[in-house]
There are 2 protein chains.
Amino acid sequence: MSAPASKSPATLHDVAREAGVSLATASRSLNGSARKVNEDYRQRVLEAAQRLGYTTNLFAQAVAKGSTTTVALLVADIADPYFSSIAAGVIDAASEERLVVTIAVTGRDAQRELDTVRALRGQRPRVMILAGSRTTGAAFEVQLRSELSSFEDTGGKVAFISQDAAPFATVLLDNRGGARNLAVALAELGYRDFAVIAGPAEIRTAQERLEGFSEGLAEHGISLPAERIIHSDFTRDGGYRGAQDLLASGARVDLVFAVNDVMAVGVVSALRDAGIAPGEGIGVAGFDDIPTVRDITPALTTVRIPLEDVGRRALQLATGSAHGASDAGGGPEPIPTETIIRGSTPRR
Amino acid sequence: MSAPASKSPATLHDVAREAGVSLATASRSLNGSARKVNEDYRQRVLEAAQRLGYTTNLFAQAVAKGSTTTVALLVADIADPYFSSIAAGVIDAASEERLVVTIAVTGRDAQRELDTVRALRGQRPRVMILAGSRTTGAAFEVQLRSELSSFEDTGGKVAFISQDAAPFATVLLDNRGGARNLAVALAELGYRDFAVIAGPAEIRTAQERLEGFSEGLAEHGISLPAERIIHSDFTRDGGYRGAQDLLASGARVDLVFAVNDVMAVGVVSALRDAGIAPGEGIGVAGFDDIPTVRDITPALTTVRIPLEDVGRRALQLATGSAHGASDAGGGPEPIPTETIIRGSTPRR
DNA sequence: CTGTTAGCGCGTTCAG
DNA sequence: CTGAACGCGCTAACAG
């Protein structure tokens, strides 16, 4: 249909000519770090640029300078509120520093994560932020770390979100502690017979939350038998099916803890569909405090993580632009976590 | 703390030397389009690249070729399920074509949208996809279009999502028709006294849905008085407050239509918090069919849009890789929309 | 089929 | 403070 002439964008050269100055002067007026250019010239260049609709070619600039303005963010699933909230934080913080963020999704597939990291290196991003739930599979783990190490060796910076990934920078989420506190709070509310919809065993975040929860229960002398731990997908449907399996097992439980909110939402729906009133018949709790859990019925008890802040922190951590107050130690202080009791876990 | 040597990444030159061939040969073996290189050499190059951990510098490649592998996606709010679902589709389709997508958020601010487009042009993206709800403000609209036009003049491609933005490619969402059908369906269910939580008047999508809904009601001889139309933010809280205002007005309504699901979720919560059982006292309907509306109580009646497909289509439309069957006409066929009746609107 | 050379658009020396 | 020349890493003509 439409095959326009497609003239190429105005180049710095064009601007220089239009303004009647040299390339160097034009460059200095538009992007120069050391500001030492006659105001007259400067104006003429700016106007010429304006007139020609010139925009700095970031790629060429990157090639010349040897450094990019790109941030690469890896998430398991961008449609998952957990990740999209983190992404929002990353993008927000990045735009403050005039950084562009590119997002890639890994789908929780270790091989794909590795491939993606490799592909992304081609962009020579300033920083790479890995928010995808990492697995504990040794094989890929080793390759991933080596890939990331050489990325750092060549001037990149990587930041992980969630569990410690020394020697890489990490925004630590206190998965274990948060889950422990939740367990304690629930025990104090009078719950005694727990089950956990735990997500895949290889996902570290899931594992940590499960362990923390179990520890918390132990503090109250409550044990969590293995048959009360159901592994399933880290998704809403995973939670739904997990709850179905739990019910089918005939176990008598008074509280179901899903290791993340998305799953917990599935649990609530599964209970309801099975004719059990969530919060009355069986309590339900999740983890993350994604926005929607306030709006389901009953509102979900959960462990709050300030997701957007986490994203922001990850970027700042990586770019070294920590404008938080006391980062004296340099050690990664975990993001504070907060237990939020809502209607899904009334006192028993 | 850690100040590593930071040697720069291996270059094609390094690889060529390591393999004992020329730059050109190395280039051809690694990225060449026409595959005319001795298999022996090819292997040696590949191995050398492997050994050195070489990755093509996409920027340099872009500068040399004069074309990028970048897709720029503009959304109003990436944490909003509507946009994150679309983003998922875009990213998915993009990765199939080995395209990298960078996401920028505009926050529904026309000025910021314009600035962002300008900034993004620096990346020389192959395509730019605008999914943010565009406003009808003439001033910025003109500038935006002119900016986009010159982007296309210089070889870029732009695709809009939602309302027609000729002469730019558009993935049309049938906002008006979907809303009309919904209205008809609701009227047939026995509802008579409607109110609409309409979002900001300047947002075109909101406006279209409002109008379509009103038309649908008119077909059944039902009118929608102005005082039953409440404008508020296009967010969950906007919906919540809109519902509060509605209740405060004392209007007697039996159904509230929020022009998007996120707002409708807020409406449901507001009703409940006001002691009104959503779906029993007052019916509620939304638009979009975001994932979570299945899980709130009662499940929300809405108009389904296949959000991920929309994202995919947008990319394909822009890259010209339509692998859909019949795009004979070339005219933008709207994405089909479907009315989904759920528990929030029982028959009256 | 391979190697040489000249750009791509820009930043940055280095003289003037 | 300005301009000319070179280099960034890579591709694309051009010869050999």
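Hydrogens, waters and symmetry mates play no part in the numbers below; they use all other heavy atoms, side chains included. Computed from a prediction, not measured in an experiment: that's the story for all the values here.
- For the ring-ring contact (aromatic ring centres under 6.0 Å, His included) test, no residue two or more places apart in sequence or in another chain qualifies with Y41(B).
- If you check residues 58-68 of chain B against DNA chain C, the residues with a heavy atom closer than 4.0 Å are V63(B), A64(B), listed by number.
- Judged as a ring pair (Phe, Tyr, Trp, His ring centres under 6.0 Å), the pairs with a partner in residues 45-79 of chain A (not counting sequence neighbours) are, in order, F59(A)-F59(B).
- Residues meeting the side chain to side chain contact (heavy atoms under 4.5 Å, CB included) test with V100(B), sequence neighbours left out: T102(A), Q123(A).
- Counting only residues at least two apart or in different chains, side chain to side chain donor-acceptor pair (under 3.5 Å) contacts with residues 10-22 of chain B comprise D14(B)-R17(B), E18(B)-R51(B), S22(B)-T25(B).
- Between Q123(A) atom CD and dG9(D) atom P the separation is 17 Å, expressed in whole Å.
- Remark: P of dG7(D) and CG of L12(A) are 20 Å apart, rounded to the nearest angstrom.
- Side-chain atoms of D115(A) and Q111(A) form a donor-acceptor pair, as typed in the model, at a separation below 3.5 Å.
- Phosphate proximity of dC8(D) to T11(B): absent, as no side-chain N or O sits under 4.0 Å from OP1 or OP2.
- A search for side chain to side chain donor-acceptor pair (under 3.5 Å) contacts involving E47(A) returns nothing, not counting sequence neighbours.
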Per-pair distances, 0.1 Å, donor-acceptor, side chain in residues 66-77 of chain A, under 3.5 Å, sequence neighbours excluded:
unit_1 : atom_1 : unit_2  : atom_2 : d
T68(A) : OG1    : R124(A) : O      : 2.2
D77(A) : OD1    : A79(A)  : N      : 2.9

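- In the helix from dC1(C)-dG16(D) to dG16(C)-dC1(D), the rotation axis of the first five pairs and that of the last five pairs differ in direction by 40°, rounded to 10 degrees.
- As rounded to whole Å, 13 Å separates atom P of dC1(D) from atom CG of D40(A).
- When the side-chain nitrogen and oxygen atoms of N31(B) are compared with OP1 and OP2 of dT11(D), one or more of them lie within a distance under 4.0 Å.
- Residue contacts shown for S27(A) include a base, since a base heavy atom lies under 4.0 Å away.
- Listed by first then second residue, pairs satisfying ring pair (Phe, Tyr, Trp, His ring centres under 6.0 Å) with a partner in residues 95-125 of chain B number zero, not counting sequence neighbours.
- Contact annotation: N57(B) side-chain N/O to dC8(D) OP1/OP2 distance is not under 4.0 Å.
- When all heavy atoms of A87(A) and I78(A) are compared, the pair lying nearest together is CB-CD1, 4.0 Å.
- Across the protein-nucleic acid pair, R121(B) atom CZ and dG9(C) atom C1' stand 15 Å apart, rounded to whole Å.
- Residue H13(B) contributes atom NE2, which lies 10 Å from atom P of dG9(D) at whole-angstrom precision.
- Under the salt bridge (Lys or Arg N to Asp or Glu O under 4.0 Å) criterion, E308(A) pairs with R312(A), sequence neighbours left out.
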Using a cut-off of under 3.5 Å, enumerate the N/O to N/O pairs linking the protein to nucleotides 3-6 of chain C.
unit_1 : atom_1 : unit_2 : atom_2 : d
dG3(C) : OP2    : S22(B) : N      : 3.2
dG3(C) : OP2    : S22(B) : OG     : 3.3
dG3(C) : OP2    : T25(B) : OG1    : 2.6
dG3(C) : N7     : R28(B) : NH2    : 2.9

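- Residues satisfying the side chain to side chain contact (heavy atoms under 4.5 Å, CB included) test with E39(B), not counting sequence neighbours, are R42(B), Q43(B).
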